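This structure is a prediction, so every number in the text was calculated from the model and none was measured.
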Amino acid sequence: MEIIIVGLAALFFLGHALSWFFMKTKVPDLLILTILGFVAGPYGLGWINASDFGEVGPVLSTVALIVILYEGGLHLSMQDLIRSSSSALILSLLSFASIVAVATFVLKPFLPFNLALLTGVGIGSTSSAIVIPMVKFLSINKNTKTVLSLESAFTDVLTIIIFLSVLDSIHSKQYDVTQFVLGLGSTPLISVGIGIGAGLLWAMVKKFWKNVDQLSFSGEAWSLLTYGATEFLQFNGAISVLALGFTLSNVNLLPSAFRHIFSTEVSQKELSLLSTITFLLRTFFFIYLGLLIQFTSISMFLIALLLCALIFVTRYVTARLILRRSLYPRLDAMTVVAMGPRGLACAVLATLPLQKGIEGGDFIQNLIFSIIPLSILFTSIFVSLSEKEGFRSKLSSLFKKYDEQSASPPTEPSTLG
């Protein structure tokens, strides 16, 4: 018991030290935390195993994801959304589709086509829990930060919905295209609607219950309730929580005739408390993610390394196609290419084929578990180096389309050009 208590205290100070280190060097703290989790885990020194946490580990990881998304939504304005949503949607669709296609082709010699497709979909999501806190401290335009945050949310939705649909089809051996398309189209919209409704209801509660903000963790508890209720209804809780935070931060845009029944402020005290909670949870989250990492063989590692490299190659091609030179400087373009980390959503999905007894499920799980840390490593190194002008100069031939100087903030939603 004493060792656990000391360990928790050490995590607190370690998290603060690594956050300071990230702000000074741009070397992401999440990479170091993930490495520490791996080193301490069953495939490192064997000091601790994810199973040692029992049900607490997955629960805390999910809570961390919810709180990170909630905070991300609270910092997203309607102006940012209008300006960046089309860019983020195009980036999401192209980056997702390209890696799914490439990964399916690469894995075809090792797996049947349907399982190769399933694995490609399983690595299609950039991690919200990694991208949102990472971009906060980077030297890129606010619009680019918003695009990347929205992309991570969009690809989470795409990956989860399509993966589960393909998995159900493989498990039942029935392929119903109509049901698949209907489910893909309706689920995100309904999830957003639930999040907006929850946000308006909470803003109304805050208006008429003046002291509710004095209750510690009340906003965070509401986000947990929103996530749980959405998931219970079999929709996407992550996108609902993001919509909840966004709604609360933009209530002041409602027509004046209705605005008087809603609280239009998110207090600084609430944001400060939320920031502290997010910090503590994400410190645990990334160490726990490190415990889940598995490298089962050299061949598995090499396949994972190839697919991880292809993630960033496809992002480079996508960025070159859609990011305008007039709106994005070289640093922003390089950061968009670098932001391909895979995280908890991919890890959770990776375990499902094996749980359903699908032949080849162990291969899929081990492969995705190998890709996750490599993608985080690639992202961390590339992001850190991109912040240095000398490194950007060395890669100028690859990014010659983009100027070194900062671009003006975009004044239109489209990035195509």
Side-chain angles (χ1 to χ4, degrees), residues 61-86 88-89 92 125-129 131-133 145-162 164 183-207 212-213 217-255 258-259 261-267 270-271 274 277-278 281 344-345 348:
S61 295
T62 303
V63 170
L65 179 63
I66 294 168
V67 172
I68 288 170
L69 288 171
Y70 178 55
E71 184 185 32
L74 286 174
H75 288 92
L76 184 62
S77 70
M78 177 62 79
Q79 183 180 9
D80 293 334
L81 183 65
I82 292 174
R83 192 168 57 204
S84 308
S85 59
S86 62
L89 183 60
S92 302
S125 167
T126 58
S127 173
S128 302
V131 171
I132 290 175
K145 295 179 181 183
T146 303
V147 168
L148 290 170
S149 297
L150 288 175
E151 183 213 359
S152 66
F154 290 160
T155 54
D156 269 352
V157 174
L158 280 172
T159 296
I160 291 169
I161 294 172
I162 297 179
L164 294 177
L184 181 61
S186 62
T187 298
L189 294 177
I190 295 173
S191 301
V192 168
I194 294 173
I196 292 173
L200 293 174
L201 179 58
W202 185 243
M204 192 180 299
V205 170
K206 290 171 65 177
K207 179 69 175 181
V212 70
D213 281 340
F217 313 115
S218 58
E220 293 77 13
W222 188 257
S223 69
L224 295 177
L225 181 61
T226 301
Y227 180 93
T230 306
E231 290 287 326
F232 179 78
L233 296 172
Q234 299 185 341
F235 296 107
N236 189 278
I239 199 68
S240 286
V241 170
L242 190 66
L244 164 66
F246 169 77
T247 302
L248 289 173
S249 67
N250 291 276
V251 173
N252 60 320
L253 298 179
L254 288 172
F258 302 99
R259 205 179 302 163
I261 64 172
F262 298 104
S263 171
T264 59
E265 295 182 1
V266 179
S267 68
E270 183 178 355
L271 289 175
L274 179 58
I277 295 171
T278 303
L281 286 173
L344 186 64
V348 171

Looking at [X] and [Y], what are the two nearest heavy atoms and their distance?
{"X": "G195", "Y": "A243", "value": "CA-CB, 4.0 Å"}
{"X": "L244", "Y": "A198", "value": "CD1-C, 3.7 Å"}
{"X": "S152", "Y": "T126", "value": "CA-OG1, 3.2 Å"}

Worksheet item: Which distance, rounded to the nearest 0.5 Å, do you find between the CD1 of I196 and the OG of S191?
Response: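 Those atoms lie 11.0 Å apart.
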Worksheet item: What is the distance from atom CD1 of I194 to atom CD of E231, rounded to the nearest 0.5 Å?
Response: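 Here the rounded value is 10.0 Å.
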Worksheet item: With a 4.5 Å limit on heavy-atom distance, are the side chains of W222 and V205 in contact?
Response: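 Heavy-atom side-chain distance check fails, nothing below 4.5 Å.
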Discussion item. So, using side-chain hydrogen bond (donor to acceptor under 3.5 Å, both in side chains) as the criterion, who are the partners of S240 when residues are at least two apart?
Written reply: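 So S240 forms a side-chain hydrogen bond (donor to acceptor under 3.5 Å, both in side chains) with T230.
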Discussion item. Donor-acceptor check, side chain of E151 to backbone of A88, threshold 3.5 angstrom: yes or no?
Written reply: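 Checking the backbone N and O of A88 against the side chain of E151, no donor-acceptor pair under 3.5 Å is found.
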Worksheet item: Is there a donor-acceptor contact under 3.5 Å from the side chain of T247 to the main chain of G199?
Response: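 No.
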Item to complete: Verify whether one side chain among S92 and T155 offers a donor that lies under 3.5 Å from an acceptor in the other.
Response: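 Short answer, no.
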